[in-house]
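Encoded as structure tokens, the structure appears first; notes follow it.
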Amino acid sequence: MVMWVFGYGSLIWKAGFNYDHRLVGFIKDYRRVFYQGSTDHRGTPEYPGRTVTLEPAEGEVCWGVAYRVTKKEDEEVALTYLEVREKQYDKKAYLDFFTEPTATTPTVFGVMVYIASPDKKLNRNYLGPASLEDIAKQIIHAEGPSGPNRDYLFQLEKALAQIGCKDEHVMDLANEVRSILSQGELTAS
């Protein structure tokens, strides 16, 4: 058996498990959004950070990376690791993964994806949509055991640029955070 895992957030730059192959590509009919609260990595229960999840969006694509794990022992270790790392994501989906924008046939059928659903009964950390400014301010102030929430945003922006992806939501949010931070630095001096 071969296991494939799709990363669209921090998994892009930090897999954290052994894998045999890494492919850059995308899934269809989803978009990446900063709607998931993080109380265990990039925030705290008192002040949650914001991380990405997927939202259904017909006609859109979400770029990221797919990791292939072929050894049984590596698969077991990876699944155990991911179940802890992604524990605030309440849903697993198996989606088709493409590497070519014009392809009609997936490169990989059924890559595993962790998704934080908007169902508050199943996902108590779902924060949902907010204005760009409100999301940016929350990201600026949130910090958790894995570091400042803004580092997550900036690392995601950089990782997406490295794979050739321009995600407007991520870029707009990163620019808003930089703008607010620079205004704060100006008023503080």
Side-chain angles (χ1 to χ4, degrees), residues 4-17 22 24-44 47-67 81-95 97 111-120 122-178:
W4 284 90
V5 179
F6 179 66
Y8 58 91
S10 61
L11 283 175
I12 296 173
W13 73 86
K14 183 183 175 191
F17 55 86
R22 178 181 186 264
V24 172
F26 60 92
I27 56 172
K28 293 182 177 183
D29 297 325
Y30 284 91
R31 68 184 190 130
R32 180 183 2 253
V33 290
F34 271 84
Y35 293 175
Q36 176 65 6
S38 175
T39 59
D40 62 343
H41 287 292
R42 296 297 179 163
T44 62
Y47 202 97
R50 278 187 178 256
T51 55
V52 292
T53 186
L54 294 174
E55 176 179 80
E58 193 172 329
E60 293 198 34
V61 298
C62 178
W63 284 85
V65 295
Y67 297 99
Y81 169 77
L82 288 168
E83 289 300 315
V84 172
R85 178 175 169 169
E86 307 297 331
K87 69 182 176 225
Q88 293 192 339
Y89 290 71
D90 61 300
K91 183 178 165 189
K92 262 192 258 181
Y94 295 87
L95 305 171
F97 176 81
V111 15
M112 184 173 62
V113 183
Y114 287 87
I115 300 172
S117 78
D119 185 337
K120 292 292 258 176
L122 300 173
N123 179 10
R124 63 187 168 92
N125 289 314
Y126 183 76
L127 298 173
S131 72
L132 193 66
E133 183 180 2
D134 287 347
I135 293 174
K137 286 178 179 176
Q138 186 171 2
I139 287 172
I140 287 169
H141 296 293
E143 186 167 343
S146 295
N149 198 179
R150 68 182 89 164
D151 289 355
Y152 172 92
L153 169 62
F154 295 143
Q155 286 176 307
L156 179 57
E157 179 188 40
K158 180 181 174 185
L160 290 171
Q162 288 172 341
I163 64 170
C165 171
K166 291 185 185 219
D167 184 307
E168 285 185 35
H169 179 62
V170 174
M171 291 186 311
D172 290 348
L173 193 50
N175 287 334
E176 182 71 13
V177 166
R178 281 190 279 272

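Remark: N125 CG to K120 NZ distance equals 7.5 Å, nearest 0.5 Å. Atom CZ of R32 sits about 9.0 Å away from atom OH of Y8, to the nearest 0.5 Å. Between L132 atom CG and D172 atom CG the span is 6.0 Å, to the nearest 0.5 Å. Separating the CZ atom in R22 from the CD1 atom in I12 is a distance of 8.0 Å, to the nearest 0.5 Å. Distance CG/D134 to CG/L127: 11.5 Å, rounded to 0.5 Å. Rounded to the nearest 0.5 angstrom, D151 CG and K158 NZ are separated by 11.5 Å.
Between H169 and F34, the two ring planes are tilted [angle within 30° to 60°]. Between Y35 and Y126, the ring planes are perpendicular. Angles over 60° get that label, and only those under 30° would be called parallel.
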Practice task
Report the C-alpha distance between T44 and T39 in whole Å, list the side-chain angles of each, state the deciding distance to 0.1 Å, and finish with yes or no for side chain to side chain contact (heavy atoms under 4.5 Å, CB included).
Solution key: CA-CA 4 Å; T44 62; T39 59; 5.9 Å; no
Problem - Test side chain to side chain donor-acceptor pair (under 3.5 Å) applied to R42 and S10, step by step - result: CA-CA 11 Å; R42 296 297 179 163; S10 61; over 6 Å; no
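Under a 3.5 Å cut-off, the side chain of N149 and the backbone N or O of E143 do not form any donor-acceptor pair. In this structure, Q138 contributes its side chain and G37 its backbone to no donor-acceptor pair below 3.5 Å. In this structure a side-chain-to-backbone donor-acceptor pair under 3.5 Å is present from Y152 to V52. When atom types are taken as modelled, the side chain of R150 and the backbone of I139 share no donor-acceptor pair closer than 3.5 angstrom. Side-chain atoms of N175 come within 3.5 Å of backbone atoms of M171 as a donor-acceptor pair (strictly under, hydrogens ignored). The backbone N or O of S117 lies less than 3.5 Å from a partner atom in the side chain of D90, making a donor-acceptor pair.
Of all the heavy atoms in A142 and G49, the pair that sits closest is CB-CA, 3.4 Å. What you find for R50 and A130 is that their closest heavy atoms are NH2-CB, 3.9 Å. The two residues Q36 and A116 have their closest heavy-atom pair at OE1-CB, 3.0 Å. Listed here is the closest heavy atom pair of A174 and F154: O-CE2, 3.8 Å. Closest non-hydrogen pair, D167 versus L160, comes out as CB-CD1, 3.9 Å. The two residues T51 and S38 make their nearest non-hydrogen contact at CG2-CB, 3.8 Å.
Shown here is K166, whose NZ atom has no more than 12 heavy atoms of other residues, nucleotides or ligands within 6.0 Å.
Counting heavy atoms from C-beta on, the side chains of Y30 and I115 come closer than 4.5 Å. Inter-residue side-chain proximity for L54 and Y114 is flagged as unmet; no heavy-atom pair is nearer than 4.5 Å. Between L11 and F6 the shortest side-chain heavy-atom distance does not fall below 4.5 Å. Inter-residue side-chain proximity for Y89 and N123 is flagged as unmet; no heavy-atom pair is nearer than 4.5 Å. Here the side chains of L95 and F97 are not in contact, with every heavy-atom distance at 4.5 Å or above. When side chains are defined from C-beta on, Q88 does not count as touching P48, because their heavy atoms never get closer than 4.5 Å.
Using a cutoff of 4.0 Å between basic side-chain nitrogens and carboxylate oxygens, K92 and E83 are scored as salt-bridged.
Of the candidates E168, E55, E60, E55 is the only one forming a side-chain hydrogen bond (donor to acceptor under 3.5 Å, both in side chains) with R31.
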